[in-house]
Student: 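Here's a structure for you.
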Amino acid sequence: GLVHIKNPHLEAMDEDVLYHLDLGTKTHNLPAMFGDVKFVCVGGSPNRMRAFAQFMHKELGLQGDGEDLADICAGTDRYAMYRVGPVLSISHGMGIPSVSIMLHELIKLLHHARCRDVTIIRIGTSGGLGVEPGSVVITDRAVDACFQPRFEQVVLGDVVVRGTDLDGALVEELLACSKAVPDFPTLVGHTMCTYDFYEGQGRLDGALCSFSNEKKLEYLKRAHDAGVRNIEMESTAFAALCGLCGLRGECCPSCG
């Protein structure tokens, strides 16, 4: 149930500074601060993650109105983090580079805090593909822009390919939970992750556009035929890092 790290160099370090979270193993008692965390919810916007933390504060029946929740990462302007009982709410910014930096440091944080049996869920927004606006897509497979379940990263000049498997049991648990909430359209499908919001997602309104509307529609139809039901910019990196480090992870963004 422990959160794993796959970096042998960390053992030789006198201190591990989590730069972009404004935390560290010498400056903070991470087990005391985070040791009993069981759920981590991440999303792009700091304001939304604060609002989510306030919502969880109310749902958990904690004292106070949640308006005075402190941003644990207030010493940096990169991310925002709020602790509500066993739940952490953290912003990750937009795109693979930003979510990757946050996840590296979050996973080390959970490891140093000796957390066990942690579930991490990405919430937020995405572009729906052939689904009702406002629907929530529970990701059964994170795929790249070629509809393949992989996350490619260049490491020291070499292309490293990592799998993007998500927790199938968690998919079923979340789907079952959604059925208990009225007027909450939810479905299971593939989530496509792109490196760009404009051309990468077939939009015609960016500063550059190298394709016609017909080509765009042809591509989106191929994506839908491949099982893609929503498009965003974080899921493959999220799935790869969570899977390698022993975290139960799932993406559940809503569709605009």
Side-chain angles (χ1 to χ4, degrees), residues 3 18-23 28 30 33-110 113 115 118-127 134-139 142 166 170 174 177-178 181 184 186 191 193 197 230-239 241-242 245 247-256:
V3 178
L18 311 178
Y19 298 100
H20 304 89
L21 301 182
D22 194 36
L23 295 167
H28 299 80
L30 300 181
M33 293 174 67
F34 302 103
D36 58 347
V37 165
K38 294 297 182 183
F39 299 95
V40 181
C41 291
V42 304
S45 163
N47 287 337
R48 288 177 184 170
M49 298 319 293
R50 175 178 172 79
F52 174 77
Q54 291 171 334
F55 171 78
M56 288 305 307
H57 188 278
K58 180 179 179 181
E59 290 295 303
L60 292 171
L62 302 179
Q63 291 184 345
D65 58 9
E67 291 297 323
D68 58 348
L69 286 176
D71 179 4
I72 298 171
C73 301
T76 174
D77 59 358
R78 300 298 183 185
Y79 304 104
M81 178 192 297
Y82 302 94
R83 168 77 188 271
V84 185
V87 180
L88 274 186
S89 177
I90 311 174
S91 68
H92 60 58
M94 187 180 293
I96 284 175
S98 185
V99 75
S100 175
I101 293 169
M102 187 279 292
L103 283 173
H104 272 278
E105 298 188 13
L106 169 64
I107 290 168
K108 292 197 297 176
L109 165 63
L110 298 173
C115 295
V118 177
T119 297
I120 179 169
I121 299 174
R122 193 186 97 69
I123 60 178
T125 58
S126 63
S135 298
V136 171
V137 176
I138 302 174
T139 305
L166 291 161
L170 183 55
L174 292 170
C177 289
S178 73
V181 183
F184 192 70
T186 306
T191 295
C193 180
F197 183 81
N230 64 327
I231 306 172
E232 43 86 278
M233 296 189 293
E234 293 87 20
S235 58
T236 53
F238 175 91
L241 268 72
C242 289
C245 296
L247 282 165
R248 293 183 81 206
E250 184 52 63
C251 296
C252 302
S254 62
C255 297

Student: What's the spacing between Leu21 CG and Ile72 CD1 if we round to 0.5 Å?
Tutor: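 Output value for this atom pair is 9.5 Å.
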Student: Output side-chain donor-acceptor pairs under 3.5 Å for residues 247-256, partner residues at least two apart or in another chain, one line each.
Tutor:
unit_1	atom_1	unit_2	atom_2	d
Arg248	NE	Asp167	OD2	3.4
Arg248	NH2	Glu173	OE2	2.9
Glu250	OE2	Thr139	N	2.9
Ser254	OG	Gly124	O	3.0

Student: Can you list every salt bridge (Lys or Arg N to Asp or Glu O under 4.0 Å) pair that touches residues 89-105, not counting sequence neighbours?
Tutor: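 Sorted pair list comes back empty.
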Student: Establish, from distance only, whether the side-chain atoms of Asp22 and Thr76 form a donor-acceptor pair under 3.5 Å.
Tutor: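 Side chains of Asp22 and Thr76: no pair found under 3.5 Å.
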Student: Go through the steps to decide whether Ile90 and Met49 satisfy the test side-chain contact (heavy atoms from CB on, under 4.5 Å), and finish with yes or no.
Tutor: CA-CA 6 Å; Ile90 311 174; Met49 298 319 293; over 6 Å; no
Student: Please examine the side chains of Val42 and Ile123, heavy atoms only from C-beta on, and report whether any two atoms are closer than 4.5 Å.
Tutor: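 Contact flag for Ile123/Val42 side chains = no.
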Student: Please name the pair of heavy atoms, one in Leu166 and one in Ala142, separated by the smallest distance, quoted to 0.1 Å.
Tutor: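 Where Leu166 meets Ala142 most closely, the heavy atoms are CD1-N, 4.4 Å.
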Student: Counting C-beta onward and ignoring hydrogens, is there a side-chain heavy-atom pair between Leu23 and Met33 closer than 4.5 Å?
Tutor: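 Side chain of Leu23 against side chain of Met33, heavy atoms only: contact under 4.5 Å found.
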Student: For Val118 and Cys115, which heavy atoms make the closest approach, and how far apart are they?
Tutor: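 In terms of heavy atoms, the two residues are closest at CG2-CB, 3.6 Å.
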Student: Please list all pairs meeting side chain to side chain donor-acceptor pair (under 3.5 Å) that have one or both residues in residues 48-57, counting only residues at least two apart or in different chains.
Tutor: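 Applying side chain to side chain donor-acceptor pair (under 3.5 Å) to every pair that reaches into residues 48-57, excluding sequence neighbours, yields nothing.
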Student: Please round to the nearest 0.5 Å and tell me the distance separating atom CZ of Phe39 and atom CD1 of Ile121.
Tutor: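 CD1 of Ile121 is found 7.5 Å from CZ of Phe39.
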Student: Suppose the criterion is side chain to side chain donor-acceptor pair (under 3.5 Å): which pairs have a residue in residues 94-104, not counting sequence neighbours?
Tutor: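 Counting only pairs at least two positions apart or across chains, no side chain to side chain donor-acceptor pair (under 3.5 Å) contact touches residues 94-104.
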Student: Is any side-chain heavy atom of Val181 less than 4.5 Å from a side-chain heavy atom of Ser178?
Tutor: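 No; the side chains remain at least 4.5 Å from each other.
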Student: Among residues two or more places apart or on two chains, list those pairs meeting salt bridge (Lys or Arg N to Asp or Glu O under 4.0 Å) that have a residue in residues 62-85.
Tutor: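 Sorted result for residues 62-85: Asp36-Arg83.
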Student: Please tell me if the side chains of Val40 and Val87 come closer than 4.5 Å, counting only heavy atoms from C-beta onward.
Tutor: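 No, side chains not in contact.
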Student: Between OG1 of Thr191 and CG of Asn230, what distance do you get to the nearest 0.5 Å?
Tutor: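 Here the rounded value is 3.5 Å.
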Student: To the nearest 0.5 Å, how far apart are CZ in Phe184 and OG in Ser135?
Tutor: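 Result: 9.5 Å between the selected atoms.
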Student: Does a side-chain heavy-atom distance below 4.5 Å link Tyr79 with Leu106?
Tutor: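 No, side chains not in contact.
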Student: Please report the closest heavy-atom contact between Ala237 and Leu103, naming both atoms and the distance.
Tutor: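 In terms of heavy atoms, the two residues are closest at O-CD1, 4.4 Å.
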Student: Keeping the roles fixed (side chain from Thr236, backbone from Glu234), state whether a donor-acceptor pair exists under 3.5 Å.
Tutor: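 Side chain of Thr236 to backbone of Glu234: no pair is present.
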Student: How close do Val84 and Ala53 get, heavy atom to heavy atom, and via which atoms?
Tutor: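 Heavy atoms only, the tightest pair is CG2-O, 3.5 Å.
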Student: If you draw a 6.0 Å radius around NZ in Lys38, do more than 12 non-hydrogen atoms from other residues or ligands fall strictly inside?
Tutor: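 Counting other residues, nucleotides and ligands, NZ of Lys38 exceeds 12 neighbours.
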Student: Can you tell me how far apart CZ (Arg122) and SG (Cys41) are? Round to the nearest 0.5 Å.
Tutor: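 Those atoms lie 11.5 Å apart.
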Student: State which residue, out of Met102, Met81, His20, fulfils the side-chain contact (heavy atoms from CB on, under 4.5 Å) condition with Cys73.
Tutor: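 The option that passes is Met81.
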Student: Mind checking what makes side chain to side chain donor-acceptor pair (under 3.5 Å) contact with Ser89, not counting sequence neighbours?
Tutor: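 If we apply the side chain to side chain donor-acceptor pair (under 3.5 Å) test to Ser89, skipping adjacent residues, there are no hits.
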Student: How far does SG of Cys245 sit from CD1 of Ile120, to the nearest 0.5 angstrom?
Tutor: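 One gets 10.0 Å once the value is rounded to the nearest 0.5 Å.
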Student: So which heavy atom on Ser235 is nearest to which on Cys193, and how close?
Tutor: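 Of all heavy-atom pairs spanning Ser235 and Cys193, the closest is OG-CB, 3.3 Å.
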